[in-house]
Amino acid sequence: MPLVTLKQILDEAAKGGYGVGAFNVNNMEQIQGIFKAAQELESPLIIQASFNAVKYAGLKFLQHLMKAATETYPDVPVALHLDHGPDFDRCKTCIELGFTSVMIDGSLDYSSKEKKKPARSFEDNVAVTKQVVDYSHQFGVSVEGELGTLGGIEDEASAQKVMLTDPEQANAFVEQTGVDALAVAIGTSHGAYKFKEKPIIDIERVKTIHEKIPNTPLVMHGSSSVPMELTEKLNTFIVVSKGKDDEGGPYIDFLGKKYYIDQDYSIARDMVYDLFFKNRLKKTMGVPIESIQMGIRNGVRKINVDTDGRLMVTTAILEVLYSQPEKFDPRDYLEPSREAIYNMVKGKILAFGSAGRSKDYKPKSLKRMKKVYEK
Ligand code: G3H
Ligand code: 13P
Ligand code: ZN
């Protein structure tokens with residue numbers, strides 16, 4: 001099956017009332033794990049690469065990995081999508097490379113030298129998004145736009161306040177740009193640290209936006225659930241811990257061996273401890289699956305997941321390296337990482353309702369989609 005467009009995948013999802021997972025990839029194992037899950041559950045799929053991923057893997061490598069995947073898993077209708085395209089030129093590069101869909105993230109000005117990227121005005125967002133839409137549709141390629149700012153990667157926005165999507169503006173934005181899908185800011189954010197206590201997702205806002213633009217599939221970014229059992233598991237792979245023996249003598253446990261330390265060295269001990277621990281995950285909460293399902297019932301069709309995959313991969317690799325420190329063949333830890341992604345994606349496909357939908361429709365070629373836009 002050839003790559004299909006995002007528009008077709010999301011329009012079909014809207015007809016069927018389900019959501020489709022959009023999974024970020026950077027390497028071969030992720031791609032293989034995700035495709036295997038989609039094939040097995042007969043689900044359509046969106047594979048997305050950020051421009052950072054394109055830079056990491058290399059343009060040609062990513063292109064050919066995708067080609068290999070579509071040949072190996074011919075029954076999976078899949079859109080190859082650019083995630084958070086920062087500007088027109090980079091969207092164009094990806095289209096030339098064979099992506100069937102691009103996101104132009106016009107909500108922020110990525111050209112700014114500031115670390116905290118300033119939010120773009122509505123007018124500027126419309127202008128750059130329309131430029132990408134006009135270009136992409138000539139080739140049948142779909143476009144996702146974004147209105148509002150999310151937290152996470154985008155809370156670097158200079159205003160420092162998250163701007164939730166205004167439903168009236170969403171209507172005007174879609175009319176003026178012609179985007180095929182719209183990413184909305186409803187309280188989610190990117191990365192592992194989304195909510196400290198209780199997730200607050202503005203489902204009412206999703207509902208209102210959907211009422212205003214019922215024919216535009218909505219996209220939920222920052223949709224990783226960051227499951228507590230996973231972060232807890234990740235935190236068990238402890239290289240160093242500190243403790244006290246029965247007599248109160250302090251020690252550092254380094255990979256299961258106790259090193260006793262004189263009280264005088266407590267500063268050094270704490271320093272070593274901090275050194276090994278500062279990157280472990282703090283307590284955090286992600287987006288509950290039930291909130292995503294509520295979103296799906298109210299017009300969300302594309303659900304972006306990157307962080308959960310990253311956590312899965314890292315946990316799987318650490319588990320091998322920690323329990324079998326003698327292993328040094330990359331296959332010994334990359335194979336479990338591929339399996340972990342596969343299991344995660346299976347779970348998401350079932351939760352989003354896209355299982356069993358891959359044979360519902362015939363894929364439309366880019367040529368055909370081009371005609372659709374010409375009408
Ligand atoms: O939303 C952004 C994605 O998680 C991609 O992140 O630019 O580090 O690849 P990245
Ligand atoms: P997470 O960081 O929640 O996985 O979100 C990913 C995303 O929105 C990619 O565009
Ligand atoms: Zn995103």
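Order of appearance sets the numbers: ligands from 1, and atoms from 1 within every ligand. Treat the numbers as computed from the prediction; the structure is a model and nothing was measured.
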To 10°, measure the NE2(H190)-the Zn ion (ligand 3)-NE2(H84) angle for me.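 That angle works out to 100° after rounding to 10°.
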
Only heavy atoms count here, so choose which of [options] is nearest to [atom].
atom	options	answer
atom 10 (P) of ligand 1	S224, G309, S50, G191	S50
atom 5 (C) of ligand 1	D306, T307, N52	D306
atom 8 (O) of ligand 1	M103, H221, R310, Q48	R310

If only side-chain N and O atoms count, and only distance matters, is there a donor-acceptor pair under 3.5 Å linking D306 with H190?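 H190 vs D306: no donor-acceptor pair found between side chains.
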
Between Y342 and E40, is any side-chain donor less than 3.5 angstrom from a side-chain acceptor?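 A donor-acceptor contact under 3.5 Å links the two side chains.
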
In terms of atom number and element, which parts of ligand 1 are under 4.0 angstrom from non-hydrogen atoms of [X]?
X	answer
D83	1 (O), 2 (C), 3 (C)
H84	1 (O), 2 (C)
N24	3 (C), 5 (C)

Short side-chain to backbone donor-acceptor contact, Q30 and N26, under 3.5 Å: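 Present.
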
For the side chain of Q8 and the backbone of K362, is there at least one donor-acceptor N/O pair under 3.5 Å apart?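 At least one qualifying donor-acceptor pair exists.
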
Quick one: do V179 and Y373 end up in the same hydrophobic cluster if we chain Ile, Leu, Val, Met, Phe, Trp and Tyr together by side-chain heavy atoms under 4.5 Å apart?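 No, no single cluster joins them.
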
Could you check ligand 2 for N or O atoms lying under 3.5 Å from protein N or O atoms and list the pairs with distances?
{"residue": "ligand 2", "atom": "2 (O)", "partner": "G191", "partner atom": "N", "Å": "2.8"}
{"residue": "ligand 2", "atom": "2 (O)", "partner": "T307", "partner atom": "OG1", "Å": "2.6"}
{"residue": "ligand 2", "atom": "3 (O)", "partner": "K194", "partner atom": "NZ", "Å": "2.5"}
{"residue": "ligand 2", "atom": "3 (O)", "partner": "S223", "partner atom": "N", "Å": "3.2"}
{"residue": "ligand 2", "atom": "3 (O)", "partner": "S224", "partner atom": "N", "Å": "3.0"}
{"residue": "ligand 2", "atom": "4 (O)", "partner": "S224", "partner atom": "OG", "Å": "2.6"}
{"residue": "ligand 2", "atom": "4 (O)", "partner": "D306", "partner atom": "N", "Å": "2.6"}
{"residue": "ligand 2", "atom": "4 (O)", "partner": "T307", "partner atom": "N", "Å": "2.7"}
{"residue": "ligand 2", "atom": "4 (O)", "partner": "T307", "partner atom": "OG1", "Å": "3.4"}
{"residue": "ligand 2", "atom": "5 (O)", "partner": "G222", "partner atom": "N", "Å": "3.3"}
{"residue": "ligand 2", "atom": "8 (O)", "partner": "H190", "partner atom": "NE2", "Å": "3.1"}
{"residue": "ligand 2", "atom": "8 (O)", "partner": "H221", "partner atom": "ND1", "Å": "3.4"}
{"residue": "ligand 2", "atom": "8 (O)", "partner": "G222", "partner atom": "N", "Å": "2.8"}
{"residue": "ligand 2", "atom": "10 (O)", "partner": "D83", "partner atom": "OD1", "Å": "3.0"}
{"residue": "ligand 2", "atom": "10 (O)", "partner": "D83", "partner atom": "OD2", "Å": "2.7"}
{"residue": "ligand 2", "atom": "10 (O)", "partner": "H84", "partner atom": "NE2", "Å": "3.2"}
{"residue": "ligand 2", "atom": "10 (O)", "partner": "H221", "partner atom": "ND1", "Å": "3.2"}
{"residue": "ligand 2", "atom": "10 (O)", "partner": "N304", "partner atom": "ND2", "Å": "3.0"}

Ion pair R357/E42, N-O distance below 4.0 Å: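 E42 and R357: not salt-bridged.
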
Between K92 and D89, does at least one N-O distance fall below 4.0 Å, as a salt bridge requires?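 No.
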
Considering only N, O or S atoms, which atom of H221 is nearest to the Zn ion (ligand 3)?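 Atom name returned: ND1.
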
May I have all residue pairs that pass salt bridge (Lys or Arg N to Asp or Glu O under 4.0 Å) and include part of residues 2-18, sequence neighbours excluded?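 Only K7-D11, E12-K15 qualify under salt bridge (Lys or Arg N to Asp or Glu O under 4.0 Å).
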
Rounded to the nearest 0.5 Å, what separation is found between the CG atom of D105 and the CG atom of L82?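 Those atoms lie 10.0 Å apart.
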
Among L150, V184, T208, which residue satisfies the side chain to side chain contact (heavy atoms under 4.5 Å, CB included) criterion with T165?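 Passing option: V184.
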
